[in-house]
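One structure below.
When a ligand or atom number is given, it counts from 1 through the structure's own listing order. What you see is a predicted model; the values in this text were computed from it and never measured.
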Amino acid sequence: MPRLSVNIDHIATIRQARKGSEPDPVAAGVLAELAGADGIIVHLREDRRHIQDRDLRLLRQTVRTKLNLEMAATGEMQRIALDVRPDIVTLVPEKREELTTEGGLEVFARVEVLKEYIGRLQNAGIPVSLFIDPDEQQISAAKKTGAAWVEIHTGAYANASIEKERNTEFGKIVESAKLAASLGLRVGAGHGLNYVNVKAVAGIREIEELNIGHSIISRAALAGMDRAVRDMIELVGS
Ligand code: PXP
């Protein structure tokens, strides 16, 4: 059974809607760990649209399991990672206009540049994972960069609306996981996984870890609605 790391970016998204102080992703990280999460993930974006530098620094002090920093391969982010020292860095592509990370990182065409970038982090004791599409060429290139991990992008599988397409995409994830493991890479997977589609991916033996955010935060909001309204009625009525 793979481990579960929880992406708490969307707790910060709700906070940033008012640019206030709640809900605090640091508190969400603590609660996720108390519920059994094996890791906490945050994506510090260049535009700081959700997670802020302050969140990352406090999470570094409070996370007891494994803090995974998702980031673009830029100079600014490398400096932050070397300073804050998360337990692992996941390199992701980043476009300002996107709603979420859309595709995997282009590794094949950038092996040398990434090798140097990753080397600087890993020499400082921070393992690096590359978020890539389930594609043989990208997996083999990931190995050449020296990265310790790959995270297989499950978005195409999760978004497939017809069964045939879903099966095809699932097959790519299985083959990619097998190839990565055979090359000595450690394997994670994530993006778009939810309470309906996660089971099949969780059954792939080579996948050690699943990284899930949106569906968990969505369920947390609805599962907590009853309690939150009752708490307010009690206050209003007293
Ligand atoms: N893995 C990576 C690299 C991501 O960028 C994201 C989204 O932030 C996830 C996993 C989680 O995806 P989701 O929020 O759809 O579960």
- Looking only at N/O atoms, are E151 and ligand 1 under 3.5 Å apart anywhere? yes
- When only distance counts, is G190 in polar contact with ligand 1, meaning an N/O pair under 3.5 Å? no
- R49 versus Q16, side-chain donor and acceptor atoms under 3.5 Å: no
- Query: Can you list the ligand 1 atoms lying under 4.0 Å from a non-hydrogen atom of V92?
  - Reply: 3 (C)
- Message: Can you confirm whether I212 sits close enough to L4 that some side-chain heavy atom of one is under 4.5 Å from a side-chain heavy atom of the other?
- Response: yes
- Message: Is there a polar contact, in the sense of an N or O pair closer than 3.5 Å, between G192 and ligand 1?
- Response: yes
- Message: Does any N or O of ligand 1 fall below 3.5 Å from an N or O anywhere on N211, backbone included?
- Response: no
- Under 4.0 Å from a heavy atom of E70: give me the atoms of ligand 1 that qualify, with their elements. 1 (N), 2 (C), 3 (C), 4 (C), 5 (O), 6 (C), 8 (O)
- Aromatic Y157 / basic R166 pairing, under 6.0 angstrom, 45° off normal: no
- Atoms in ligand 1 with a heavy atom of H214 nearer than 4.0 Å: 13 (P), 14 (O), 16 (O)
- In sequence, state the C-alpha distance, the side-chain angles, and the governing distance for E94 and R45, and then conclude on side chain to side chain contact (heavy atoms under 4.5 Å, CB included). CA-CA 8 Å; E94 195 175 298; R45 298 185 78 104; 3.7 Å; yes
- Message: What I want to know is whether H43 and ligand 1 share at least one N or O pair that is separated by under 3.5 angstrom.
- Response: no
- Message: Contact between V42 and D55 at the side-chain level, heavy atoms closer than 4.5 Å - yes or no?
- Response: no
- Would a 4.5 Å heavy-atom cut-off, applied to side chains only, mark L185 and W149 as touching? no
- Test item: side-chain donor near acceptor, E70 and T90, under 3.5 Å: no
- Message: Under 4.0 Å from a heavy atom of N7: which atoms of ligand 1 are those, numbered in the order shown and with their elements?
- Response: 8 (O)
